[in-house]
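What follows is one structure encoded as structure tokens, with my remarks underneath.
Every value quoted in this text rests on a predicted model; they were computed, and no experiment measured them. Naming convention: chains lettered A, B, ... in sequence-line order (proteins, then strands); numbering from 1 in each chain.
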Amino acid sequence: MKKLMLIDGSSVLYRAFFALPPLMNSKGTRTNAVYGFMMMLFKVMDDYKPDYIAVAFDVKAPTFRHKEYDAYKATREKMPDELSCQIPILRDILSALNIKIIEVPGFEADDILGTVSKQAEKNGLETYIVTGDRDSLQLVSKETRVILNKKGMTDVEVYDYDIFRDRYGITPSEFIDLKGLMGDKSDNIPGVPGIGEKTALELIKEYGSVNEIIKNVDRIKNKRVREAIANNVDKALLSKRLSTIIRDMPIEFDIEEYTVKEPDKKRVRAIFEELEFKSLLDKVSKDDTAPNVDRVVYRVIDNVDDFNEYISGVERIAISFKVHEDGLAMTSLSSQEKGTVFLPLYRLDDSMKYALYKLLSNENIKKSGHNIKRLLNFAISEGYKPANISFDSAIAAYLINATESEYIIRQIAKDFLNRDILDDSIFGKGRNRTDFHNVEEEMLNQLLGEEAEVIGQSEPLMREKLDELSMDRLFNDIEMPLVMVLADMECTGFNIDRNELLRLDSEFTEQLTSITKEIYNLAGEEFNINSPKQLSHILFEKLGLPVIKKTKTGYSTDAEVLEELAPQHDIVAKILEYRQISKLKSTYIDGFIKLTEKSAKIHTSFNQTVTATGRISSTEPNLQNIPIRTDIGRQIRKVFIPSDDKHVILSADYSQIELRVLAHLSSDENLIGSFIAGEDIHTRTASEVFNVPIDKVTPEMRRSAKAVNFGIVYGISDFGLARDLRIPREVAAEYIRSYFKRYPQVKEYLDECVKKAKELGYVTTIMNRRRYVPEITSKNRNIRMFGERIAMNTPIQGSAADIIKIAMVNVHKKIKDFKSKLILQVHDELIFDVLKEELDEIKEIVRWEMENAVNLKVPLIAEIKYGNNWYDAK
DNA sequence: AGCTTCACG
DNA sequence: ACGTACGTGAAGCTG
């Protein structure tokens, strides 16, 4: 059944005005009523998805009710100016939304709703009346429902026939009789004095309509009520007449005129922007997954000849693509010279894919894409060598603002081209995606085509922005070349010793079973050790151990807490041990067993656009957090082996890169001196902080100094240092004071970072990578201090990230004709699979490229080790 | 989906 | 009087 939605515009607007605080835009225009109206409108349209819609308004002219009864609505105050000035705005929006407004002089909005809904009932439509006025409840029927909006604007009460009967015990048409007896204060309808809702309902239930009640007035038992009615027959009849909504206005309505149409999005957006309706703006733009009349269907290319014809004479091609079930499903190409085309690869033979890979490898044509590494991987695995990959819009957007949660083409279209394109969410994220085979090809064609066009058209604008921010070199010479480096690394993969893996699995499983038993014995019952909740119950309730720390949801049981509790009960140490092994097994052993079922090699994905500082991250699996800090964890590195026995694993890591970067950035003479002297930096720091000669530094002092150095890099606080070293805060504060006394320019530099962030709103790295720090102006002290630590840490961490990226690009270029391969990056460390014959040469290339990636005020040192697995490369 | 915990630099 | 070290990703539990 088709649905008609009728909105009592006057009533909803009024409600909204009084329900919401007096919002205005920055120009001082009052917007609350319009805002509330729109919230309501979008909600009901979303919830009920009507086929027809119209909004009715009262017109100023007096209605028959005024003529009949002078006092009608006489007590109502004049509409405030703050509200009346919003009416033209609302009309404007409704017109942009292509929603019909109905108004008829001499009738109220109610009457229009009544008349139109009656005609709708005759035509077999399901009608929804949206209003804030309970009077309209009289219109409820089997076909017509009333949606009453309440205070909150978006919470509503829906009345259908049955709900109404349940609530009032009378029929909707008897609701008018109820009004006739009770009257209505707000409309100044008198009703029968002395009769309220309760009495009125009883009378109607017993006798029916007002007429019947009057006829039977003598039979009313209660004297007070009987006399009230008998003395006010006229008033009752008048009140009923005034309350009766007209359902047969002498006007024909053509329902077809109310068909829901595509809104004029541009206009709606312009108005919402003017009114500063930010959340509503998103709604308008988000909801356009529906095919748009204006959208173009692009030319389809389905054979290699046409493909080659398309790419001939083209200088630069923008490529969009979609992957499905781990295969390349489709792509669109867009170029200035030849326009935009769609390649439905999923239904074409493989020659089309190869033609595409060949294009990717064509040195004479520049390629642009969005997260293009994903596409390169397909070509590389088929043996192609992509070349001239010159622009990635995701990376450009990331450099422009590194703290966005995601970088999608749709957003770039909006930000740089002010264009709305189709939503690609049908492809979903990760595993929850719909099968595109269920989607019309025309839709896919439009979607991919728009994306390719946007990549191509936004490129010059994004490049301009990068130039303006002085990040053109970072983009062109570091990040873009790095795309190919990472793609190669991902495709090469890390070889895994499955037997060793399975051996570790049974070893860990065995240990886990035995520890589990011991824990159950000590606890006196079995429980899920992995559940912090159940564990809390055992530790803090059953065993009565003291609560050290609380979390949002309960008691904390983290390692820090457990270490403190360990002396009090034997179970605690066992739990720590269980935790450690269980973590190692589930994350690494079980995870890698799954990943090596098909092939011995594991291929991580590097993400170049997630971290706020410029580091890269690694997922599925994360190979940047393979255990090393504990002996037992470190065993896991034994499963990471060279590609064959002619190769070794080589690890090259920067020694103290962050502190060296700090020495450079701060120009601190003492710190620079330490590095030039080539001393152990933590020992030297200890000697400075504790004021003892280098040879009098104890291991304990060195340990403390190391923590101080970490603290400096993280944006130090005495609290953090105190917690890390488990010393009183005052002592930690003293360490920090004495550190800064010895390294005064470090102090100056860190202050400078904070000052810069406050003044400019951002901080930068040596390669001009930028991070905005909005936290630094927060009124909340914690957030603000967090901002200060970000301002201190980001230039250090980010510059180190810049440096290793440069080294990666340079090394990759140098070793491209070797058999040895770069396979992993772990922030300050590069891992290679090195052919033994090439070992000496590779060692020197890697060392030189890492140490000379940039020229700092201190030397950069790379430490190189190798072995028959990652564990032995130490 | 959010929280807790813990693996890494 | 408050409550903090910086940057990540994955697993398991819970609502």
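Neither OP1 nor OP2 of C/dG3 sits under 4.0 Å from any side-chain N or O of A/Arg723. Look at A/Thr613 and you won't find any side-chain N or O under 4.0 angstrom from OP1 or OP2 of C/dC6. Phosphate contact (OP1/OP2 of B/dT4, side-chain N/O of A/Ser556, threshold under 4.0 Å): absent. A sub-4.0 Å separation between OP1 or OP2 of C/dG15 and a side-chain N or O of A/Lys533 is present.
For A/Phe719, whose side chain is taken as the heavy atoms from C-beta onward, the closest listed nucleotide among C/dT4, C/dT8, C/dA10 is C/dT4. Each of C/dG3, B/dA7, B/dG9 was ranked by its minimum atom distance to the side chain of A/Val826; first place goes to B/dG9. Of the listed nucleotides (B/dG9, C/dC13, C/dG9), C/dC13 has the atom at the smallest distance from the side chain of A/Asn530. Counting only heavy atoms from C-beta on, A/Arg729 has its side chain closest to C/dT4 among C/dT4, B/dA7, B/dG9. In this structure, the nucleotide among B/dT5, C/dG9, C/dT4 sitting nearest to the side chain of A/Met785 is C/dT4.
With hydrogens and angles disregarded, no donor-acceptor distance shorter than 3.5 Å links the side chain of A/Glu775 to the backbone of A/Phe786. No donor-acceptor pair under 3.5 Å is formed between the side chain of A/Thr764 and the backbone N or O of A/Asn768. Of the possible donor and acceptor atoms, one in the side chain of A/Tyr398 sits under 3.5 Å from a partner among the backbone N and O of A/Thr611. Panel note: side chain A/Arg637, backbone A/Ile626; a donor-acceptor pair is recorded below 3.5 Å. Here the side chain of A/Glu406 pairs no donor or acceptor atom with the backbone of A/Ile408 at under 3.5 angstrom. Using modelled atom types, one side-chain atom of A/Ser531 and one backbone atom of A/Gln534 make a donor-acceptor pair closer than 3.5 Å. Put simply, the side chain of A/Thr596 never gets that close to the backbone of A/Ala600: no donor and acceptor are under 3.5 Å apart.
Ring geometry for A/Phe710 against A/His682 counts as parallel: the plane angle stays under 30°, on a 0 to 90° scale with 60° as the upper cut.
Taking the C1' atoms as reference points, B/dT5 lies 26 Å from C/dC2, given to the whole Å. One P atom belongs to B/dT4, the other to C/dA5, and the distance between them is 14 Å to the nearest Å. Taking atom P in both B/dC3 and C/dT4, the straight-line distance is 15 Å, to the nearest Å.
Using a 4.0 Å heavy-atom criterion, one finds that A/Val713 contacts no nucleic acid atom at all. Among the heavy atoms of the strands lying under 4.0 Å from A/Phe786 are primed sugar atoms or P, OP1, OP2 only; no base atom is included. When heavy atoms are screened at a 4.0 angstrom cut-off, A/Ala559 is found touching the sugar-phosphate backbone but no base atom. Counting any heavy atom pair closer than 4.0 Å across all strands shown, A/Arg784 reaches no nucleic acid atom. No engagement by A/Ile796 is indicated, since no non-hydrogen atom pair under 4.0 Å with the nucleic acid exists. In this structure, A/Ile716 reaches the bases: a heavy-atom distance under 4.0 Å links it to at least one base atom across the strands shown. Contacts of A/Asn622 with the nucleic acid, taken as non-hydrogen atoms under 4.0 Å apart, involve only primed sugar atoms and P, OP1 or OP2. Note on A/Ser531: only backbone sugar-phosphate atoms sit closer than 4.0 angstrom, heavy atoms only; bases stay farther off. Residue contacts shown for A/Ala732 are absent, as no nucleic acid heavy atom lies under 4.0 Å away. Across all strands, A/Ala612 comes closer than 4.0 Å only to sugar-phosphate atoms, never to a base (heavy-atom distances). Residue contacts shown for A/Asn528 are limited to sugar-phosphate atoms, with no base heavy atom under 4.0 Å away.
Note on A/Asp802 versus A/Arg769: salt bridge recorded, some NZ/NE/NH1/NH2 to OD/OE distance being below 4.0 Å.
Between the NZ atom of A/Lys552 and the P atom of B/dG2 there is a distance of 11 Å, rounded to whole Å. Distance A/Asp558 CG to B/dC6 P: 6 Å, rounded to the nearest Å. Counting to the nearest Å, the C1' atom of C/dG7 and the CD1 atom of A/Ile657 are 15 Å from each other. Atom-to-atom, CZ of A/Arg634 to C1' of B/dC8 comes out at 13 Å; the value is rounded to the nearest Å. Going from atom NZ of A/Lys549 over to atom C1' of B/dT5 covers 10 Å, rounded to whole Å. Rounding to whole angstrom units, CD of residue A/Glu620 and C1' of B/dA7 are separated by 17 Å. Put simply, CG on A/Leu623 is 13 Å from P on B/dG9, counting in whole angstrom units. If you measure from atom OH of A/Tyr398 to atom P of C/dT8, you get 8 Å, rounded to the nearest angstrom.
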Could you tabulate the donor-acceptor pairs under 3.5 Å formed by side-chain atoms of residues 732-739 of chain A, not counting sequence neighbours?
{"from": "A/Glu734", "atom 1": "OE1", "to": "A/Arg737", "atom 2": "NE", "distance (Å)": "3.3"}
{"from": "A/Glu734", "atom 1": "OE1", "to": "A/Arg737", "atom 2": "NH2", "distance (Å)": "2.9"}
{"from": "A/Ser738", "atom 1": "OG", "to": "A/Val689", "atom 2": "O", "distance (Å)": "3.0"}
{"from": "A/Ser738", "atom 1": "OG", "to": "A/Tyr735", "atom 2": "O", "distance (Å)": "3.4"}

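Counting distance only, with no hydrogens placed and no angle test, the side-chain atoms of A/Gln797 and the base atoms of C/dC6 include a donor-acceptor pair under 3.5 Å. Interface remark: the A/Arg789 side chain does not form any donor-acceptor pair with the C/dC6 base, using a distance-only criterion of under 3.5 Å. Applying the 3.5 Å distance criterion, the base of B/dG9 shares a donor-acceptor pair with the side chain of A/Arg629.
Proximity of residues 578-588 of chain A to DNA chain C (heavy atom under 4.0 angstrom from any strand atom) is restricted to A/Lys583, A/Ser586, A/Thr587.
Annotation: the span from A/Leu856 atom CG to A/Leu662 atom CG amounts to 11.5 Å, rounded to 0.5 Å.
By the 6.0 Å contact criterion, CD on A/Glu500 is enclosed, its count of non-hydrogen atoms from other residues, nucleotides or ligands being greater than 12.
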Self-check item: Nucleotide-level pairing of DNA chain C, given in dot-bracket where Watson-Crick and G-U pairs need both distances under 3.5 Å and | marks other strands
Solution: .....|||||||||.

